[in-house]
There are 2 protein chains.
Amino acid sequence: MVGRPWLHGRLRNAGFRLTLPRQAILNVFARNPKHLSAEEIFLSVHRNYPGIGLATVYRTLDLLTQMGLVFKFDFGDGRSRYELASEVIKEHHHHMVCTRCGQIIDYSDFMKKEIKFIKELEVELSKKHKFKINSHQIHFYGSCNRCQ
Amino acid sequence: MVGRPWLHGRLRNAGFRLTLPRQAILNVFARNPKHLSAEEIFLSVHRNYPGIGLATVYRTLDLLTQMGLVFKFDFGDGRSRYELASEVIKEHHHHMVCTRCGQIIDYSDFMKKEIKFIKELEVELSKKHKFKINSHQIHFYGSCNRCQ
DNA sequence: CAATTGGTTGATAATGATTTTCATTTTTAT
DNA sequence: ATAAAAATGAAAATCATTATCAACCAATTG
């Protein structure tokens with residue numbers, strides 16, 4: 001699964017522990033690399049560890065997000081969605097959101113070009129606005145294959 | 001304020017009316033061209049029209065969003081934020097969000113370049129994924145001038 | 001012009017996601 | 001071990017948003 005020793009160290013350095021619930025939640029991401037909502041994660045974890053509560057899922061997601069291990073997104077469907085940070089497991093990608101059926105498509109087809117462009121833009125923006133950029137989100141909205 | 005006859009016509013064509021509450025809400029946007037939350041809009045409207053309720057604000061925002069007159073955003077602060085569509089009053093821009101103080105900076109400094117890039121990307125993505133793209137959002141997250 | 005129709009509204013209740021509380025349990029440092 | 005610090009589950013609380021519903025209002029019809 002996800003590289004544990006690494007994670008363990010990162011959490012410890014920040015004064016946190018890699019507990020069973022937290023591992024279980026990370027494993028859900030590893031098994032199911034999608035854009036999961038808190039409830040979906042809770043349900044998935046609950047199958048193997050019925051004892052783990054929803055509040056813990058929220059707390060853990062918040063923790064992982066703050067540590068940068070997980071990204072938090074809002075695709076407009078009324079709940080937050082989370083995915084493992086690209087550095088942890090997935091390649092850098094952006095999103096296309098179907099506003100009809102809600103499907104979210106990850107794409108990384110033209111990433112090299114995009115990243116290059118974004119990087120340059122970030123430099124210019126940072127300079128002009130004295131704004132330190134840490135991350136970005138690029139979302140396209142429209143209708144998918146099946147919904148047109 | 002915002003071009004009324006135009007709006008009136010657009011709403012009518014879709015079977016809606018340009019009522020006083022709706023005008024009041026549009027005027028808030030015209031006076032205060034920011035990224036307003038429903039509650040902020042409600043409070044602003046409430047000063048001049050104490051009779052207008054929060055539910056109406058939500059309904060109107062929903063209507064305007066569906067008609068494409070207003071864009072709905074989520075910058076991660078737990079509430080939706082709205083702004084007039086670029087065609088109505090503002091120039092096309094993207095956003096930088098300060099994750100410390102929540103400030104949202106509009107920028108349109110390098111828009112020509114960005115739009116060109118996005119347009120090309122959209123063509124390629126549409127073709128490859130058979131996905132009809134209607135709109136996009138580009139957000140940068142980091143720390144602003146004062147928060148570094 | 002009165003009657004009818006259908007969009008619109010305000011107030012309130014309901015919903016649903018997320019957060020907080022708090023007593024208890026687990027882990028770590030002493 | 002034992003005290004101190006973190007973490008947890010369950011339940012209550014919060015907060016943004018949506019649905020309900022009776023009252024309104026505007027436009028159309030006869």
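In what follows, chains carry the letters A, B, and so on, assigned in the order in which the sequence lines appear, proteins first and then strands, with residues in each chain numbered from 1.
- Residue B:Ala55 has its side chain nearest to C:dT12 when only C:dT12, D:dG9, D:dA7 are considered.
- Residue-to-nucleotide proximity on DNA chain D shows that, of A:Leu54 and A:Gly15, the 5′-proximal contact is made by A:Gly15.
- Between A:Tyr58 and C:dT18 there is a side-chain N or O to OP1 or OP2 distance below 4.0 Å.
- In this pair, B:Phe42 and B:His46 present their aromatic rings tilted. The plane angle is within the 30 to 60° band.
- A donor-acceptor pair shorter than 3.5 Å cannot be found between the side chains of B:Tyr107 and A:Glu124.
- A sub-4.0 Å separation between OP1 or OP2 of D:dG9 and a side-chain N or O of A:Arg59 is absent.
- Transitive grouping of hydrophobic side chains (ILVMFWY, heavy atoms separated by less than 4.5 Å) brings A:Ile52 and A:Leu54 into a common cluster.
- For the atom pair CD of A:Gln148 and OG of A:Ser143, the computed distance is 5.0 Å after rounding to the nearest 0.5 Å.
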What N/O pairs connect the protein and nucleotides 24-26 of chain D at under 3.5 Å? Give each pair on its own line.
none

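- Of the listed nucleotides (C:dT18, D:dG9, D:dA7), D:dG9 has the atom at the smallest distance from the side chain of A:Thr56.
- Listed nucleotides: D:dG9, C:dT9, D:dA7. Nearest to the side chain of B:Pro21: C:dT9.
- Residue A:Ser80 is classed as a sugar-phosphate contact, given heavy-atom separations below 4.0 Å to backbone atoms only.
- Among all heavy-atom pairs drawn from A:His35 and A:Arg81, the shortest one is O-NH1, 2.7 Å.
- Among D:dA7, C:dG10, D:dA16, the nucleotide with an atom closest to any side-chain atom of B:Glu39 is D:dA16.
- Note on ring orientation: taking the six-membered ring where Trp is involved, the planes of A:His139 and A:Phe75 are tilted (angle from 30° to 60°).
- Put simply, A:Thr19 has a side-chain N or O that comes within less than 4.0 Å of OP1 or OP2 on D:dT8.
- OP1 or OP2 of D:dC15 has not a single side-chain nitrogen or oxygen of B:Arg79 nearer than 4.0 Å.
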